Amino acid sequence: MSSDKHAFTDGLTHVLVIDDDRKLCGLIRDYLEPLGYAVGMEHTGPEGAERAIAEPWHAVILDLMLPGCDGYEVLRRVRAKSAVPILMLTARGDEADRIVGLEIGADDYLPKTFSSRELLARLRAVTRRASLTQTAVAVEPVAKELISGPLRLNLDVRVATLEDRVLNLTPVEFDILSALMKSRGRIRSREALIESLRDREYEVFDRSIDVHIAALRRKLRDDAHEPRFIRTVRSAGYLFIHATG
C-alpha cells in the first residue's frame with residue numbers, strides 16, 4: 001500500500017471531497033480555500049475512489065451515502081492502494097456505522113451536522129498525524145541487524161553468528177563483512193571497501209583487503225569457487241550474495 005504520494009509544491013493542503021450533495025461540496029470548498037486548501041470534488045462512489053487513488057491528496061472527506069457504490073466500498077478501494085487520511089462524513093449517527101468505517105480504515109468520523117470549525121479541526125488533526133507518521137518513517141534508524149540466511153550481524157554489539165555459532169571476527173573483518181552485506185547485490189571495489197574503513201583506526205591498504213576476505217571466507221566456511229556469501233568479481237572487487245540456507 002503506497003502512501004508516498006504527497007509531492008506538493010504549491011504550499012496548499014490538497015483535499016478531495018467525495019459527496020453527492022453538490023451544495024455541501026461547494027460550501028466546504030468556499031470555507032476551506034481561503035484558509036490555504038485546494039479542494040477537489042467528486043459526486044459518485046466509483047469516480048471518487050478512482051480520483052482518490054490516482055492523484056495525491058493530503059486528505060479525503062468521504063460521504064457514506066453515494067451513488068454507484070457507498071462510502072464503505074470507496075474506503076476499501078482506496079485503502080487497498082493508499083494510506084491517505086480519510087475523514088468519513090455521513091448523515092447517520094449510529095455508533096455501529098462509525099465503528100464499521102473506522103474498522104475499514106477511516107481516520108476520523110463526522111456527522112453531517114458538523115460545524116465548519118469542527119471540520120477544520122478534524123482535518124488539521126488527521127493531516128498532522130499523517131505528517132508525523134511520514135516524518136517518523138523518513139528518520140527511521142538504520143537496521144541494527146543484518147541477516148542473510150544463517151548469517152547474522154548485530155551492529156549494536158558487533159557480534160556475527162553463523163547458524164547460531166558466534167564467529168570470532170577481528171574488528172576489520174567485521175566492518176568489511178558489514179560493508180559487503182549493506183551493499184548486497186552490488187559490487188564493492190577494494191577502494192570502496194578501504195573508503196568504508198577510513199574513520200577506523202585500521203592500517204588497511206589495497207591488497208590487504210584480499211587477505212581479510214580470505215580470512216572471512218575461512219570463518220564463514222565459504223568456498224571461493226562455489227561461494228555462498230562472498231563472490232570475487234575479477235578486476236572489479238567483491239559481491240555479497242544472498243544466502244538461502
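All values reported here derive from a predicted model rather than from experimental measurement.
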Exercise for review: Tell me, yes or no, whether the heavy-atom count around N168 atom CG, taken from other residues, nucleotides or ligands under 6.0 Å, exceeds 12.
Suggested key: no
**Study point:** Rounded distance [0.5 Å steps], CG in L64 versus CG in L89
**Key:** 9.5 Å
Check your understanding: Are any non-hydrogen side-chain atoms of I28 and V15 less than 4.5 angstrom apart?
Key -> no
Check your understanding: Is the backbone N or O of L151 less than 3.5 Å from a side-chain atom of S148, with the two atoms forming a donor-acceptor pair by type?
Key -> no
Check your understanding: Under a 4.5 Å cut-off applied to non-hydrogen side-chain atoms, are L16 and I18 in contact?
Key -> yes
Point to revise | Crowding at CD, E50 (>12 non-hydrogen neighbours, <6.0 Å) | key: no
Review point. So, R79 side chain and S82 main chain: donor-acceptor pair closer than 3.5 Å or not?
Key: yes
Exercise for review: Output, in order, the C-alpha distance, side-chain angles, deciding distance and verdict of side chain to side chain contact (heavy atoms under 4.5 Å, CB included) for D19 and K112.
Suggested key: CA-CA 11 Å; D19 195 315; K112 277 198 170 179; 3.2 Å; yes
Revision key, fill the gap. Closest heavy-atom pair, A59 versus T127, reported as atoms and distance to 0.1 Å, is CB-CG2, 3.8 Å
Point to revise | Residues, nucleotides or ligands: over 12 heavy atoms within 6.0 Å of R117 CZ | key: no
Point to revise | Minimum-distance pair of heavy atoms, taken over all atoms of G185 and L239 | key: C-CD1, 3.3 Å
Point to revise | Nearest-0.5 Å distance that lies between atom CG in L193 and atom CZ in R188 | key: 5.5 Å
Check your understanding: Could you state the interatomic distance from OH (Y238) to CG (D210), rounded to the nearest 0.5 Å?
Key -> 3.5 Å
Study note, to complete from the structure: d(L169 CG, L216 CG) to nearest 0.5 Å is 6.0 Å
**Study point:** Residue pair Y31 / L120, side-chain heavy-atom distance below 4.5 Å
**Key:** yes
Review point. If every non-hydrogen atom of P46 is compared with every non-hydrogen atom of P67, which pair is closest and at what distance?
Key: CD-O, 3.7 Å
Check your understanding: Do NZ/NE/NH1/NH2 and the carboxylate oxygens of D175 and R158 come within less than 4.0 Å?
Key -> yes
**Study point:** Joint hydrophobic cluster, L27 plus V17, side-chain heavy atoms closer than 4.5 Å
**Key:** no
Check your understanding: Do other residues, nucleotides or ligands put more than 12 heavy atoms under 6.0 Å from the CZ atom of R221?
Key -> no
Review point. Within a reach of under 6.0 Å around CZ of R217, are more than 12 heavy atoms found that belong to other residues, nucleotides or ligands?
Key: yes
Exercise for review: Working to the nearest 0.5 Å, report the span between CG of L146 and NZ of K182.
Suggested key: 6.5 Å
Point to revise | Heavy-atom pair with the smallest gap, counting every atom of L155 and S178 | key: CD2-OG, 3.8 Å
Check your understanding: Any link between F114 and V39 through a network of hydrophobic side chains (Ile, Leu, Val, Met, Phe, Trp, Tyr) touching at under 4.5 Å?
Key -> yes
Point to revise | Salt-bridge present (R22, D63; N to O < 4.0 Å) | key: no
Exercise for review: Could you check V60 against V78 for side chain to side chain contact (heavy atoms under 4.5 Å, CB included), going step by step and ending with a plain yes or no?
Suggested key: CA-CA 10 Å; V60 173; V78 175; 5.7 Å; no
Review point. In the single-linkage hydrophobic clustering (I, L, V, M, F, W, Y; side-chain heavy atoms under 4.5 Å), do I147 and L220 co-cluster?
Key: no
Check your understanding: Okay, side chain of D107, backbone of V126: is any donor-acceptor separation there less than 3.5 Å?
Key -> no
Check your understanding: Would D223 and R228 count as a side chain to side chain contact (heavy atoms under 4.5 Å, CB included) if you check the C-alpha gap in whole Å, the side-chain angles of each, and the deciding distance to 0.1 Å?
Key -> CA-CA 7 Å; D223 186 344; R228 185 163 59 142; over 6 Å; no
Exercise for review: Identify the two heavy atoms, one from E55 and one from W57, that lie closest to each other, and give their separation to 0.1 Å.
Suggested key: O-CD1, 3.0 Å
Point to revise | Donor-acceptor under 3.5 Å (S115 side chain, E118 main chain) | key: yes
**Study point:** Heavy-atom side-chain proximity of L162 to R165 below 4.5 angstrom
**Key:** yes
Review point. Going through the distances and angles, do L123 and L32 end up as a side chain to side chain contact (heavy atoms under 4.5 Å, CB included)?
Key: CA-CA 10 Å; L123 261 182; L32 292 177; 3.7 Å; yes
Check your understanding: Which atoms form the tightest heavy-atom contact between L12 and H58, and what is the distance?
Key -> O-CE1, 3.3 Å
Review point. Could you give the distance from CG (L180) to CD1 (I241), rounded to the nearest 0.5 Å?
Key: 11.5 Å
Practice item. Indicate if L24 and L35 have the same hydrophobic cluster label, given that clusters are the connected sets of ILVMFWY residues with side-chain heavy-atom separations under 4.5 angstrom. Key: yes
Review point. With a 4.5 Å heavy-atom cut-off, do F240 and L177 have their side chains touching?
Key: yes
